[in-house]
There are 4 protein chains.
Amino acid sequence: MGLPGRKTNGEGTGTPRRSRRTAAGELKRGLILEAARAVFESEGLDGASLRAIAAKAGYTPAALYFHFESKEAIYAEVLQASMARLGAAMTRRAARAKSPAERLRAAAMGFFDFYQKNPRDLDLGFYLFRGGMKPRGLGAERDRALNAALAALLEPIALAAEELGAGRAEAERLMVECFAHAAGLLLLAHTGRIRMFGASAPRLMASYLDEKLERLGTGPAGPA
Amino acid sequence: MGLPGRKTNGEGTGTPRRSRRTAAGELKRGLILEAARAVFESEGLDGASLRAIAAKAGYTPAALYFHFESKEAIYAEVLQASMARLGAAMTRRAARAKSPAERLRAAAMGFFDFYQKNPRDLDLGFYLFRGGMKPRGLGAERDRALNAALAALLEPIALAAEELGAGRAEAERLMVECFAHAAGLLLLAHTGRIRMFGASAPRLMASYLDEKLERLGTGPAGPA
Amino acid sequence: MGLPGRKTNGEGTGTPRRSRRTAAGELKRGLILEAARAVFESEGLDGASLRAIAAKAGYTPAALYFHFESKEAIYAEVLQASMARLGAAMTRRAARAKSPAERLRAAAMGFFDFYQKNPRDLDLGFYLFRGGMKPRGLGAERDRALNAALAALLEPIALAAEELGAGRAEAERLMVECFAHAAGLLLLAHTGRIRMFGASAPRLMASYLDEKLERLGTGPAGPA
Amino acid sequence: MGLPGRKTNGEGTGTPRRSRRTAAGELKRGLILEAARAVFESEGLDGASLRAIAAKAGYTPAALYFHFESKEAIYAEVLQASMARLGAAMTRRAARAKSPAERLRAAAMGFFDFYQKNPRDLDLGFYLFRGGMKPRGLGAERDRALNAALAALLEPIALAAEELGAGRAEAERLMVECFAHAAGLLLLAHTGRIRMFGASAPRLMASYLDEKLERLGTGPAGPA
DNA sequence: TATGAATGAGTATTCATTCAT
DNA sequence: TATGAATGAATACTCATTCAT
């Protein structure tokens, strides 16, 4: 009666065997992802079991397997959606910026503030960008996609730096530095290590950008 | 790689109630911690179950409870050992520094390099400093201890900054910023997001410190 | 011996959240309860672990969780079924009684005889009516339900006493006394302490009722 | 190292292989039993693990095996001690009784009150008089001993009844009835089923004895 | 497309007991 | 006489996944 446990797990690469052509199908996928996000939000990463997601979505756990290959696939798509929201937030913010310097600030602070205000998205990002995804074969491809998405998201920072006179290499370096500083501050803030030093994360991020911009104006910092 | 470090291991931390001061006992504790580290290394944090650790150590799961109060206690002690090694590395490095500026650099780069070279310790740190430890009753107390240890480890940075003319507040801010930048860079490097931009994490860290030191020499950055 | 009784089994008791009204499902539930009863019978209450029950039923332990919320839920339902059988037996007996005195006797002796003939049901009752159910959160609610069921079962004794002229308070007292005497005799009989005195439990119960009835006829015993 | 789990369990009957001749040995046995009692008192039956008892006694679990054959053996001896205390309480009470009727009352109420006031002893009695003791071979002999002790304890009731004119058979029957009624009331009281009917257990016991004594005075109830 | 049913592996922890020392 | 160390079996319960229907 129902031989289980034989984790055959697809044909190797990671492309779902489902057709995914019907409009109804897409809609249901969306509802499930919504439910997953809600569960992440309320229960955190550890509480976000397939069962919990299914329950929230009004489905049986088994039903999800028609729409998604695995739990990790759901996680990944939720992260994708999260990054899409992040991108939207950053775009919204950039639209109001008038000068290159303002664009740089808008992009970097947009990134920072999004995660500052949505700590669960941060959780998600940390989790999935790290070793969370077990079936590595599946992960590799998605990893590329996530990297590309991330690069696209951060690109405005580099562009603005170029507009401010930096060379391409320097501009990219600055972009990475901003990303790193933001990530570090967020990590600290998120885990309470910032408050413990009596500091304010957003202010630290802002002043970091101040210094960077000032330096950009002054002149190139030399090759590093 | 084995040496569990100096452990101090007073009477209040998290060891079973009995006396257990025998040399053989301590040795076995060490072997178990070694095994735990190895499991972290090979299986990642999620795979580091009690069973896995016990198996690696050549024990029955139940046997571990003679030596440790709980799984979390093992985790915590492994982390403690990791931080002890970090501290030792930083101290070694600081010993060779002659000027305040060098001391600051030594401390910050010592911190950074340790984790750069021991990515599993980084994993451990990230995991345990975050919400990983569920049973909050135990966790709360240990959290304080870890925070204190961390603060003590980073303090040399602040001290050096003060020697360089910074006020206490500014010095602490700088310390936090260095910590955050290092953490961010490590995170990125660790997850492959740095190479993808063709950058070198240690060089980025070094140049971050250059800028900071230069700014310190120039004069205070104003209140933030 | 199988029939789990009338179970009523509304929507609030202790069954998994889903609809599950399928005939096959109910049947399997019944089989599991049967198995649970059998395990109680052969292993005693302490040996009645989930595993044991599952094994007897031909299931994996995990499978039971599809049909029941928890181990205690199984216990409770087995007890419910037991009480349902008890109720049926008492009702059958009461139907043949013509006078109030006969009704009182029928109720009390029906209660007594049921447990006398089904010692495992007695075990079950003793166990579950005592501190056996650890998770008090669940237990508290169920406890009320069981108390109510028990009270309803014994009520005919009090009613008959009232018909025989007793006031409400006296009638209830008598009911409790009968219950206690029956419980005590059953306990003794069940543990072999009765035979050891060369006495017959049913005869003792019957003569206890004789005395009580005689006393009721004579007049009230005064306040106690 | 250290092949365990092979429950060889003595040579069959239940006589400990220990010598038990030294005075010091007896003293330590006593201390352990004391500890066991204290644990029963504070933790209840389920919390009374060997480990807990050993800890309370200031020993290692393994140490207890020098003094006792098994956990059940400790339980049994604690019960023996409990019954000894019960006997003492009853004797004390009987000493103050002047007439046969008073002696009967003293014995029965002494029994009842002891358990009423020491519910943990009741727990113990219920547990061990029932199927609690797993190694049945061991249990059989002890069972006889316990039965004998119990019979001796209750005998004063029968004796008093004889003094009041009852034949031996009738006297024994009365003794058993009193025992049963007390046991039943205690069970109900102990599990909260008495309060639920708004009755008071001791009062019910007392009035039961009133009726019995009245009936004894009146004349024999005829053979049953 | 979805469900009910079931699985096997896994979770941390407790237990009474044993044995070398 | 007692300990430290270890064991194997047990505990209830969760998980992602599968499959027949």
Side-chain angles (χ1 to χ4, degrees), chain A residues 1-9 18 22 24-25 28 49-54 58-67 69-72 74 134, chain B residues 16 18-22 24-25 28 47 49-52 54 58-67 69-72 74 134-135, chain C residues 16 18-22 24-25 28 46-47 49-54 58-67 69-72 74 134-135, chain D residues 1-9 18 22 24-25 28 46-47 49-54 58-67 69-72 74 134:
Chain A
M1 292 150 184
L3 299 156
R6 207 146 328 146
K7 205 178 290 186
T8 343
N9 191 16
R18 86 195 106 79
T22 67
K28 283 170 194 164
S49 64
L50 240 211
R51 313 163 90 80
I53 294 170
Y59 281 110
T60 288
L64 302 201
Y65 284 85
F66 188 86
H67 301 285
E69 258 205 333
S70 70
K71 189 186 112 170
E72 304 293 346
I74 297 183
K134 305 244 190 66
Chain B
R18 214 78 54 202
S19 49
R20 188 201 27 73
R21 282 283 170 259
T22 69
K28 281 171 194 161
S49 63
L50 241 210
R51 301 160 100 85
Y59 283 110
T60 290
L64 302 201
Y65 283 88
F66 185 83
H67 301 282
E69 261 193 337
S70 70
K71 190 185 100 167
E72 304 296 345
I74 297 182
K134 293 280 187 46
Chain C
R18 214 75 57 201
S19 51
R20 187 200 28 76
R21 283 284 170 258
T22 68
K28 281 172 195 161
D46 288 358
S49 64
L50 242 210
R51 302 161 100 84
I53 294 171
Y59 282 110
T60 290
L64 301 202
Y65 283 87
F66 185 84
H67 300 282
E69 263 193 337
S70 70
K71 191 185 100 167
E72 304 296 345
I74 297 182
K134 291 280 187 46
Chain D
M1 293 156 185
L3 300 157
R6 206 145 330 142
K7 206 177 292 187
T8 344
N9 191 15
R18 86 195 104 79
T22 68
K28 284 170 194 164
D46 289 359
S49 63
L50 239 211
R51 312 163 91 80
I53 294 170
Y59 282 110
T60 288
L64 302 201
Y65 283 86
F66 187 86
H67 301 285
E69 257 205 334
S70 70
K71 190 185 110 169
E72 303 295 344
I74 298 182
K134 306 244 190 67

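Every chain is numbered from 1 and lettered A, B, ... according to where its sequence line falls, protein lines coming before strand lines.
Put simply, CZ on C/F66 is 4 Å from P on E/dA5, counting in whole angstrom units. Taking atom CG of residue D/L64 and atom P of nucleotide F/dG4, one finds them 13 Å apart after rounding to whole Å. Between the CZ atom of D/R51 and the C1' atom of F/dA5 there is a distance of 12 Å, rounded to whole Å. As rounded to whole Å, 14 Å separates atom P of F/dC15 from atom CD of A/E72. Distance A/Y65 OH to F/dA16 P: 7 Å, rounded to the nearest Å.
Backbone-only engagement by C/L50 is indicated by non-hydrogen atom pairs under 4.0 Å involving sugar-phosphate atoms exclusively. Contact annotation for C/S49: backbone-only contact, meaning every heavy-atom pair under 4.0 Å involves sugar-phosphate atoms and none involves a base.
In this structure, C/K28 does not reach the E/dG4 phosphate: none of its side-chain N or O atoms is under 4.0 Å from OP1 or OP2. Side-chain N/O atoms of D/T60 include one lying less than 4.0 angstrom from OP1 or OP2 on F/dG4. Taking side-chain N and O atoms only, D/H67 has a distance below 4.0 Å to OP1 or OP2 of F/dA2. The side chain of A/Y59 places an N or O atom within less than 4.0 Å of a non-bridging phosphate oxygen (OP1 or OP2) of E/dA2.
In this structure, C/P61 and C/L50 approach most closely via the heavy-atom pair O-CD1, 4.5 Å.
With F/dT14, E/dT13, F/dA6 as the choices, the nucleotide that has an atom nearest any side-chain atom of B/A63 turns out to be F/dA6.
Atoms OH and OH, from D/Y59 and D/Y65 in turn, are 16.0 Å apart once rounded to the nearest 0.5 Å. Interatomic distance, OG1 of D/T60 versus CZ of D/R51, reported as 10.5 Å (0.5 Å rounding). The distance from the NZ atom of D/K71 to the CD1 atom of D/I53 is 7.5 Å, given to the nearest 0.5 Å. Separating the CD atom in D/E69 from the CD1 atom in D/I74 is a distance of 11.0 Å, to the nearest 0.5 Å.
Counting only Watson-Crick and G-U wobble pairs whose two key distances fall under 3.5 Å, DNA chain F forms stems of three or more stacked pairs at E:2-21 with F:2-21.
Nucleotides of DNA chain E nearest to B/P61 and C/A62 differ in position, and the one nearer the 5' end is that of C/A62. Where D/G58 and A/K71 meet DNA chain F, the nucleotide closest to each residue was compared, and D/G58 sits on the side nearer the 5' end.
The side chain to side chain donor-acceptor pair (under 3.5 Å) test applied to C/K28 returns no partner, not counting sequence neighbours.
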